[in-house]
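A short worksheet on the structure shown next.
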Amino acid sequence: MKKNSLLLAWLCAAVIGGANAQEKPTVQFIATGGTIAMKIDPVKKAPVPAISGDDLLATVPEVDAFARIEVNNLSNVPSDYMDPPRWVELSKAVNAALEQSDVAGVIVSHGTDTLEETAFWLDLTVHSDKPVVVIGAQRNASSPDFDGPRNLLNAVRIAVDEQARGKGVLLAMNNQINAARHVTKTHTANVETFQSGDYGFLGEVYPDRVIFAREPLRRQHIQIQTDDMPKVEIVAMYGGADGTLIRSAVDQGAKGIVVQALGMGNMNQPMFEAVKYALAKEVPVVISTRVYNGRVMANYGFEGGGKTTADAGAVMAGNLSPQKARILLMLLLQSGTSGQDDLQAAFDAM
C-alpha cells in the first residue's frame, strides 16, 4: 500500500511538472556575436568569437524558471562588422520568430559597439507588440565577472513580462532597461555604459520583479522593401572642415548624407557650400549634431547656421544621433520617401 502511495505521488508530481513546463512561455534567443560571445584566445591573448548562444544559455540555468528558450545562432561576429545586409537578415529572423503564436518575445545578443544602431534598426523594422530585448556584455566570457549571464537572465524576465509589450525594442544591461530610440553607449568599458541622456531609462530589473517607470511615445514602423539599402554616409563637422568629404561622398554615389554638425545643427561656410552641392545633385542631407543631449533646430541665421541649411533644403534630425539619423534616412529612402517636406515630417515624428 505504501509503495502504491509513493508511486501515485511521484506520478502526480511528474504530471504537474510536465504541465508547468508546457505553461512556460517560449522565448527565441537570437545570437549574433560580440563580446558576450567572446573568450580570451591563448595565442592572441585577446578576446575573439568563441561561444554560441547555446553556450551562453548553459551558464544561466535559472532561465528555466521563466521560459522555454529556443536558440537561433544567426551569426558570431564583432558588432563592428554589422551592416545593412546583416540588419536586414536580423529583421527577417526577428519578425519570423514573433509571427509564431507560441513565441512570447525575442532576445538578441549583440556586441556593444553598434548595439544602439541595431536596436534602433529593429525598432523601426519590427512590427509587433511582443517584446524584443537586445543585450550585450562589456566583459568577455573569460572574465571572472562576465556580465553576459546576468544580462541574459534579465532579458528573459523582461521578454515574458506583460509590461514589456508595446514598448518597442528594449536594451537591457546592468539591470537597467532603455528605449532603442534614446539609448547610446557612453563609456568604453563601464558596465553601465548604456544611457538615455535627458530622458533616462525606462525601468529596472530587481530580484523580485521588473519595474517600468515610463514608456517611449515617439515610434514608427518602416517596411523593408529591398535587401539592398541605399548608401548613406555620415560626415563630421569640426573646426576647419572644408566640405571635401561631403562632395566626395556625393560624387561616389551616396544617396543620402547625414552631417554630424555642431550645437543646434551649425557648420562653417565651406561645409554649408558642400551641403548645397549635395542638395543641387538631389542628394538629401540630414543635419544632426555631435552634442549628446538636445535637438537640432533651424535657429541660427549665419551662413551655415541651422536656419540657413534648412532654408537651403536640408532636413533637421531632431534629437536623433548621427548614427540613428543615418538609419532612419536609409529606411525612408528605400521605402520611397523623398523631398524635404516628407523627410522632415518623418524625422519630426521620431
Side-chain angles (χ1 to χ4, degrees), residues 79-80 82-84 87 112-124 171 178-188 193-199 218 220 222 229-250 252 254-268 270-272 274-275 278-279 283-300 304-306 309-310 312-334 340 343-344 346-350:
S79 69
D80 314 86
M82 294 300 286
D83 55 13
W87 284 332
T112 61
D113 282 350
T114 59
L115 185 50
E116 66 200 75
E117 293 177 63
T118 296
F120 186 56
W121 171 279
L122 291 175
D123 196 56
L124 290 171
L171 192 152
N178 285 278
R181 186 191 189 279
H182 298 132
V183 73
T184 191
K185 186 174 181 178
T186 65
H187 196 283
T188 58
T193 181
F194 284 102
Q195 299 180 26
S196 294
D198 290 338
Y199 294 92
R218 300 177 67 187
Q220 63 178 281
I222 304 175
M229 289 291 144
K231 182 179 180 181
V232 176
E233 298 290 355
I234 299 174
V235 180
M237 165 61 200
Y238 48 86
D242 62 7
T244 299
L245 296 179
I246 292 179
R247 296 174 186 271
S248 177
V250 171
Q252 292 298 317
K255 302 303 181 185
I257 302 288
V258 174
V259 178
Q260 180 181 295
L262 310 176
M264 284 187 176
N266 305 320
M267 62 191 74
N268 61 17
M271 286 286 282
F272 178 49
V275 166
L279 293 170
V283 176
V285 178
V286 172
I287 309 300
S288 182
T289 178
R290 71 183 188 184
V291 182
Y292 287 114
N293 292 308
R295 56 188 281 257
V296 295
M297 294 177 62
N299 189 38
Y300 286 90
T309 54
V315 173
M316 296 289 113
N319 66 349
L320 282 180
S321 65
Q323 57 269 32
K324 290 181 181 178
R326 171 181 175 260
I327 287 171
L328 179 56
L329 179 57
M330 188 186 306
L331 286 167
L332 289 170
L333 293 177
Q334 65 88 42
Q340 183 186 22
L343 289 172
Q344 188 64 69
F347 274 86
D348 288 345
M350 285 303 299

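Numbering of residues begins at 1 and proceeds along the displayed sequence.
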Donor-acceptor pair, distance only, cut-off 3.5 Å: does the side chain of [X] make one with the backbone of [Y]?
{"X": "Thr114", "Y": "Asp80", "result": "no"}
{"X": "Thr309", "Y": "Gly306", "result": "yes"}
{"X": "Gln260", "Y": "Gln323", "result": "no"}
{"X": "Asn268", "Y": "Ala241", "result": "yes"}
{"X": "Arg218", "Y": "Asp348", "result": "yes"}
{"X": "Asn293", "Y": "Gly197", "result": "no"}
{"X": "Arg290", "Y": "Ala236", "result": "no"}

For the atom pair [atom1] ([X]) and [atom2] ([Y]), what is the distance rounded to the nearest 0.5 Å?
{"X": "Phe194", "Y": "Asn178", "atom1": "CZ", "atom2": "CG", "result": "9.0 Å"}
{"X": "Gln220", "Y": "Leu331", "atom1": "CD", "atom2": "CG", "result": "9.0 Å"}
{"X": "Leu279", "Y": "Ile257", "atom1": "CG", "atom2": "CD1", "result": "10.0 Å"}
{"X": "Lys185", "Y": "Leu171", "atom1": "NZ", "atom2": "CG", "result": "11.0 Å"}
{"X": "Arg247", "Y": "Gln252", "atom1": "CZ", "atom2": "CD", "result": "14.5 Å"}
{"X": "Glu116", "Y": "Thr184", "atom1": "CD", "atom2": "OG1", "result": "3.5 Å"}

So which heavy atom on [X] is nearest to which on [Y], and how close?
{"X": "Ala317", "Y": "Val286", "value": "CB-CG1, 3.6 Å"}
{"X": "Gln334", "Y": "Pro230", "value": "CB-CD, 3.7 Å"}
{"X": "Ile246", "Y": "Ala278", "value": "CG2-CB, 4.3 Å"}
{"X": "Val258", "Y": "Ser288", "value": "CG1-CB, 4.3 Å"}
{"X": "Pro322", "Y": "Thr289", "value": "CD-O, 3.5 Å"}
{"X": "Gln344", "Y": "Ala314", "value": "OE1-O, 4.4 Å"}

Working for side-chain contact (heavy atoms from CB on, under 4.5 Å), residues Tyr292 and Thr186: CA-CA 9 Å; Tyr292 287 114; Thr186 65; 5.9 Å; no
Audit row: Val183, Lys324, side-chain contact (heavy atoms from CB on, under 4.5 Å) steps and yes/no: CA-CA 10 Å; Val183 73; Lys324 290 181 181 178; 4.2 Å; yes
Residue pair Met267 / Ile287, side-chain heavy-atom distance below 4.5 Å: yes
Single hit among Leu328, Val285, Leu332 for side chain to side chain contact (heavy atoms under 4.5 Å, CB included) with Leu343: Leu332
Working for side-chain contact (heavy atoms from CB on, under 4.5 Å), residues Phe347 and Met316: CA-CA 7 Å; Phe347 274 86; Met316 296 289 113; over 6 Å; no
